[in-house]
Amino acid sequence: MNKNFDSKDTSDGRKVKRSKREEAKVNPWTHKDYSFKYFDILEKRKELPVYEAYETLIDLVKENQIVILQGETGSGKTTQVPQFLLESGIGGDKNVACTQPRRVAAMSVAKRVAEEMDVRLGEEVGYSIRFDDKTSAKTRLKYMTDGMLLREAMVDPLLSKYSIICLDEAHERILNTDILFGLIKEVLPNRPDLKLVVMSATMDADKFQKYFEGAPLLDVPGRMYPVEIFYTEEPEEDYFAGAIKTIVQIHAFEEKGDILLFLTGEEEIENACAEIKDEVKKLDGVGDLSVIPLYSSLPPAMQQRIFEDPPPRNKHGIEGRKCIVSTNIAETSLTIDGIVYVVDPGFSKQKVYNPRLRIESLLVSPISKASAKQRSGRAGRTKPGKCFRLYTEHSYKKELDNNTIPEVLRSNLGQVVLTLKKLGIDDLVHFDFMDPPAPETLMRALEELNYLGALNDEGDLTKLGDEMSQLPLDPNLAKMLLDSVERKCSGEICSIVSVLSVPNVFMRPKECIKKADIAKSKFAHPDGDHLTLLNAFENYKYNKEDQKWCWNNFINFRSMKSASSIRAQLVNQMNNFGYKIELSPKRPKEYLDRIKKSIVSAFFMQVAHQERAGHYMTVKDNKVVLIHPSTAIDHKPEWVLYHEFILTSKNYIRTVSEINPKWLLEIAPDYYDLEEFSNNEIKKKLLKIQKKMIS
DNA sequence: GAGCACTGC
């Protein structure tokens, strides 16, 4: 049933036609003569494996509404295919879009393709990502993030601007890509002129073809150097120790070439770096080794170190090498040239979601075969390489899953449900997900959105829900912001929401924990962490967003900067709704209560009560929790609201504020229907408060 | 009394 094609299918007759295409001296887009650079680049483009597939691809796209293109690293699919499609004229006057999971990719590929087409970036070729839109009326080929296309679909459900959409890196199965799959599948029958090209590295081709209704598959070879794979003979009991040992052996016995080691997190990586340095010091007659950690929370300047040259020959004339110890960031997001050896212990931290407990947590888990292949491929970018897998060949074959579980099965779907509702998809249970999430996960999301007032009892989007769906925020935070308008504290809440949606703004480097804690205490607000965050943000603004000020106050500049851009975007969006975002010049106690009530309006489902025994227990779930030690609260309030529940060494609630329990009953009476509460201390207390309120 | 894989709008 499935039609499969090989790039070799191109007939000679077609090749003649193609060479004519290349004879042009005048750029059809600009009507100017092509530059010399254009022809230089063209020669290199011709060497890409995908170049051979031009005619086959165009024919397939002409004849089919959906085409699947499989091409490994180095095939050139991301840069060439959208160009080919545009050039072919299949799409007529409409535009070609190509989605990417990551912002940097969308940006850098667009830049490259603009050069290849000899046009200016932002004119015929552009990109569109959050906070940065480099497109114009002239733009015909647009690289964008998946999330951006999803946003566009909210305004233009038929995606009427486009004639061809390429969904790239489909094998990664990012949340947004999966939603686009289902969405575009629904759009296609209503847009017979729209073409979809699903592009991917090696994937489960059968599954993709089945999902995309038997779409033909075009397979393009990659261009990589061979990588020799080594497995351990016996299962490795301690992958950390094994990894250190392997690095030392490579450094002592293997030829020149840099090393990349995959570990799971910041702490592990820092420890490994220290140990590797120690062990290498003990060796005689070896070259110098620079050991470089790499993870996302590392400051950009430190991340740049991975591109440094390896150390020069030492006094014995032996060449040096560098060893990069990295999280999964080096698996897809960052590519480092010159890596010859990859060490893969086979683990990574993965998000898991438990709908019953409503908790997303990170768990160190075995990687998939696809991930292992991706990791080993990192050794063959510039010359033949070697990959040392610290597990047996048997466990690779029998124990590792073929593919990483798609994100849609591991996430809280609150925002997804809101997005789908806004896109006009009412029957979520029958939405055509490539991998449908557990019904319980969907139910949880629907239930929470109903409590927040985003969906009515029929499951339809309310006016509030409609506005929430348009804000680039988690549903809780979106609710908080919209609620603040009527309480006239939108300026403050807008800042709080922005800071809550970026990584932690308070730095706490191991070397100066005390200093950092003192610095933080200057921002501390006795009522809680939400107001503390507001303090920090306002001080950042007051100090003119100065990087030095951040450094001196142990504030994460990167986080603050992005909070600031988010805030600007939110203000803009809120103004579009017709709401003004205003700060109050003075904030008496009553005003602080208003801020806290807005927080309660969104997080009433995340409240804990201090029991007589002294510990905290969460409302409704009845889980015993501890307030995270990072809190700014210096006393033990009876009722607290928390922003997140984190499961690490203990059950912690983090980012906590004191609240008045009366507000819970006032603001969220449906959720606080005490008849549904189990008979415990919390219920008794709330009943008492209720009685007082009535009398 | 202590920990944060990675993305994205």
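Chain identifiers are assigned alphabetically (A, B, ...) following the order of the sequence lines, protein sequences preceding nucleic acid strands; residue numbering begins at 1 within each chain. FYI, side chains are in, hydrogens and waters are out, and symmetry mates aren't considered; it's all heavy atoms of this structure.
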With a 4.0 Å limit, can you tell me whether [X] has a side-chain N or O closer than that to the phosphate oxygens OP1/OP2 of [N]?
{"X": "A/Ser630", "N": "B/dA2", "result": "no"}
{"X": "A/Lys351", "N": "B/dC6", "result": "no"}
{"X": "A/Thr264", "N": "B/dA5", "result": "no"}
{"X": "A/Thr145", "N": "B/dC9", "result": "yes"}

Rounded off to whole Å, could you give me the [atom1]-to-[atom2] distance for the [X] and [N] pair?
{"X": "A/Asp168", "N": "B/dG8", "atom1": "CG", "atom2": "P", "result": "15 Å"}
{"X": "A/Ile179", "N": "B/dG8", "atom1": "CD1", "atom2": "C1'", "result": "11 Å"}
{"X": "A/Ile646", "N": "B/dG1", "atom1": "CD1", "atom2": "P", "result": "16 Å"}
{"X": "A/Asp474", "N": "B/dG8", "atom1": "CG", "atom2": "P", "result": "15 Å"}
{"X": "A/Met144", "N": "B/dG8", "atom1": "CE", "atom2": "P", "result": "14 Å"}
{"X": "A/Gln303", "N": "B/dC6", "atom1": "CD", "atom2": "C1'", "result": "12 Å"}
{"X": "A/His628", "N": "B/dG1", "atom1": "NE2", "atom2": "P", "result": "13 Å"}
{"X": "A/Glu331", "N": "B/dA5", "atom1": "CD", "atom2": "P", "result": "15 Å"}

Is it true that [Y] and [X] share a donor-acceptor pair across their side chains at a distance under 3.5 Å?
{"X": "A/Asn271", "Y": "A/Glu275", "value": "no"}
{"X": "A/His525", "Y": "A/Thr532", "value": "no"}
{"X": "A/Glu267", "Y": "A/Tyr295", "value": "no"}

Side chain of [X]: nearest nucleotide among [options]?
{"X": "A/Arg103", "options": "B/dG3, B/dA5, B/dG8", "value": "B/dG8"}
{"X": "A/Pro629", "options": "B/dT7, B/dA5, B/dA2", "value": "B/dA2"}
{"X": "A/Tyr652", "options": "B/dC9, B/dC6, B/dG1", "value": "B/dG1"}
{"X": "A/Thr327", "options": "B/dC9, B/dA5, B/dA2", "value": "B/dA5"}
{"X": "A/Ile329", "options": "B/dA5, B/dT7, B/dA2", "value": "B/dT7"}
{"X": "A/Asp517", "options": "B/dG8, B/dA2, B/dC6", "value": "B/dA2"}
{"X": "A/Ser296", "options": "B/dC6, B/dA2, B/dC4", "value": "B/dC6"}
{"X": "A/Met148", "options": "B/dT7, B/dG3, B/dC9", "value": "B/dC9"}

What does [X] touch in the nucleic acid at a heavy-atom separation under 4.0 angstrom: a base, only the sugar-phosphate, or nothing?
{"X": "A/Arg102", "value": "sugar-phosphate"}
{"X": "A/Gln350", "value": "nothing"}
{"X": "A/Leu626", "value": "nothing"}

**Report entry** DNA chain B: 5'-proximal contact among A/Leu294 and A/Arg151 (nearest heavy atom)
**Finding:** A/Leu294
Query raised in the report: Any side-chain heavy-atom pair from A/Leu428 and A/Leu446 closer than 4.5 angstrom?
Result: yes
**Report entry** base_contact_polar (B/dG8 base, A/Gln415 side chain, donor-acceptor, <3.5 Å)
**Finding:** yes
**Report entry** Anti or syn - B/dC6, cut at 90° from 0
**Finding:** anti
Requested in this report: Would you confirm whether the ring centroid of A/Tyr652 sits within less than 6.0 angstrom of the ring centroid of A/Phe645?
Outcome: no
Query raised in the report: Where the side chain of A/Thr462 meets the backbone of A/Ala454, is there a donor-acceptor pair that is under 3.5 Å apart?
Result: yes
